[in-house]
Amino acid sequence: METTRRKWLTQAGVLFLGAGLAGLRAKASPVIEPVYFLPEPDDGPIRLSSNENPYGPSPMARAAMAESVSISNRYQWQMVRDLISAIAVKNNVANENVLIGAGSTQIIDTVIQLAALQKGNFILAEPTFNRWTSAAERCGIQKMLVQVTEDKRHDLTAMINAIKPDTRMVYICNPNNPTGTICKYDALVAFVKEATKKTLVIVDEAYLDYTNETSLSSLLTENVNLIVVKTFSKIYGLAGARIGYALAHAKTIERLGQLQSGVNVGVSAASLAGAIASLKDTDFVKESYLQNEKTRAYTIQQLERLNIPCIPSYTNFIYFSLQNYTKDFFDQLKRNNIEGTHIYEENGKWSRITVGTMQEMKRLISAIG
Ligand SMILES: Cc1ncc(COP(=O)(O)O)c(C=O)c1O
């Protein structure tokens with residue numbers, strides 16, 4: 001069974017590559033069957049550190065990106081407009097509510113510039129996705145951390161109470177990286193309504209596609225202080241293509257655009273093509289979702305069997321406690337060519353691992369078991 005599957009996977013991979021090259025030569029869109037799994041070497045390195053989609057980019061995105069190489073000598077204004085329209089349709093907003101950038105990181109940088117136009121502070125959870133905070137501090141706004149709750153959720157009450165007259169921005173990562181938890185929709189809506197009376201609120205929905213939960217994007221036409229940030233790096237499998245976007249009130253999108261030398265120009269032709277195609281490849285997104293659910297459930301069950309308690313996850317990663325684990329977890333990973341993360345919270349020795357393919361997670365479990 002395993003051999004047959006592997007054979008099929010190999011053939012599928014070869015089929016895909018062949019079609020991609022033929023597409024390049026013929027400058028015609030190749031017809032490609034969906035390929036969800038690519039062959040993996042049995043003992044190659046495994047990256048479980050960056051919450052990437054192990055199956056992506058989608059077959060349609062790969063074909064479109066390959067084809068776009070030949071038109072990369074021209075600025076692709078029409079593709080920019082097409083992607084903005086496709087994003088607007090997907091999120092049920094107008095084109096004027098969308099700003100695209102080279103990953104959501106670039107979008108967050110622009111939001112930081114907007115927030116830092118006046119000196120003051122910004123609020124975020126501890127722990128949360130915080131790679132951008134040094135840049136924010138260098139722009140002149142000070143970091144204020146609000147510890148997550150015992151069960152690793154955003155403490156929205158404490159975050160509201162932390163807002164001061166000179167707070168310029170509150171960052172909410174929903175679902176949260178690294179804890180994998182999600183805010184209840186009604187509680188988050190109430191929080192946003194209250195907090196945006198005083199400050200900008202940025203809601204980072206990088207992982208929301210791994211849930212059935214509702215985006216906050218429906219609130220933004222009535223709220224100039226809400227910015228929702230999304231990315232193609234996760235379920236769409238385009239982390240290396242660098243493409244993300246902001247959804248906000250038209251006036252806010254305009255203000256963000258004024259802080260960029262060229263509005264919506266940060267994305268290459270290949271990435272634009274990949275993103276447009278990805279939005280059409282709904283089979284790939286569904287399959288990625290289902291595989292992630294199945295593999296995540298397996299991994300959590302196995303980690304708990306090894307006396308490593310996990311926080312229920314709404315994402316493509318798992319937050320777990322190494323408090324009772326007796327071996328050297330990180331050494332076991334290193335010896336087995338597996339890249340994990342680090343300890344995020346000393347208290348409880350909490351760490352995070354990305355959900356890879358089933359084969360990768362089986363290797364992880366046998367490495368630490
Ligand atoms: C919550 C969160 N936001 C944003 C990003 C950055 O994504 P992008 O690749 O779109 O810059 C990440 C990447 O891991 C993330 O975890």
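In listed order, ligands and their atoms are each counted from 1. Keep in mind that this is a model prediction, so the values were computed, not measured.
Under a 4.0 Å N-O distance rule, the pair Asp186/Lys184 does not qualify as a salt bridge.
Aromatic ring orientation, Tyr75 versus Trp77: parallel (interplanar angle below 30°, classes split at 30° and 60°). Classification of the Phe317-Tyr207 ring pair by plane angle, with boundaries at 30° and 60°, yields perpendicular.
There is no side-chain donor-acceptor pair under 3.5 Å between Gln332 and Asp328.
Across every non-hydrogen atom of Thr167 and Thr199, the tightest pair is O-OG1, 3.2 Å. The nearest pair of heavy atoms linking Ala275 to Leu83 is CB-CD1, 3.8 Å.
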Could you pull out every N or O of ligand 1 that sits under 3.5 Å from a protein N or O, with the distance for each pair?
from: ligand 1; atom 1: 3 (N); to: Asp204; atom 2: OD1; distance (Å): 3.4
from: ligand 1; atom 1: 3 (N); to: Asp204; atom 2: OD2; distance (Å): 2.6
from: ligand 1; atom 1: 7 (O); to: Ser104; atom 2: OG; distance (Å): 3.1
from: ligand 1; atom 1: 9 (O); to: Ser233; atom 2: OG; distance (Å): 2.6
from: ligand 1; atom 1: 9 (O); to: Arg242; atom 2: NH1; distance (Å): 2.7
from: ligand 1; atom 1: 10 (O); to: Ser104; atom 2: N; distance (Å): 2.6
from: ligand 1; atom 1: 10 (O); to: Ser104; atom 2: OG; distance (Å): 2.8
from: ligand 1; atom 1: 10 (O); to: Thr231; atom 2: OG1; distance (Å): 2.6
from: ligand 1; atom 1: 10 (O); to: Ser233; atom 2: OG; distance (Å): 3.3
from: ligand 1; atom 1: 11 (O); to: Ser104; atom 2: N; distance (Å): 3.3
from: ligand 1; atom 1: 11 (O); to: Thr105; atom 2: N; distance (Å): 3.0
from: ligand 1; atom 1: 11 (O); to: Thr105; atom 2: OG1; distance (Å): 2.5
from: ligand 1; atom 1: 11 (O); to: Arg242; atom 2: NH2; distance (Å): 2.8
from: ligand 1; atom 1: 14 (O); to: Tyr207; atom 2: OH; distance (Å): 3.4
from: ligand 1; atom 1: 14 (O); to: Lys234; atom 2: NZ; distance (Å): 2.8
from: ligand 1; atom 1: 16 (O); to: Asn177; atom 2: ND2; distance (Å): 2.8
from: ligand 1; atom 1: 16 (O); to: Tyr207; atom 2: OH; distance (Å): 2.6

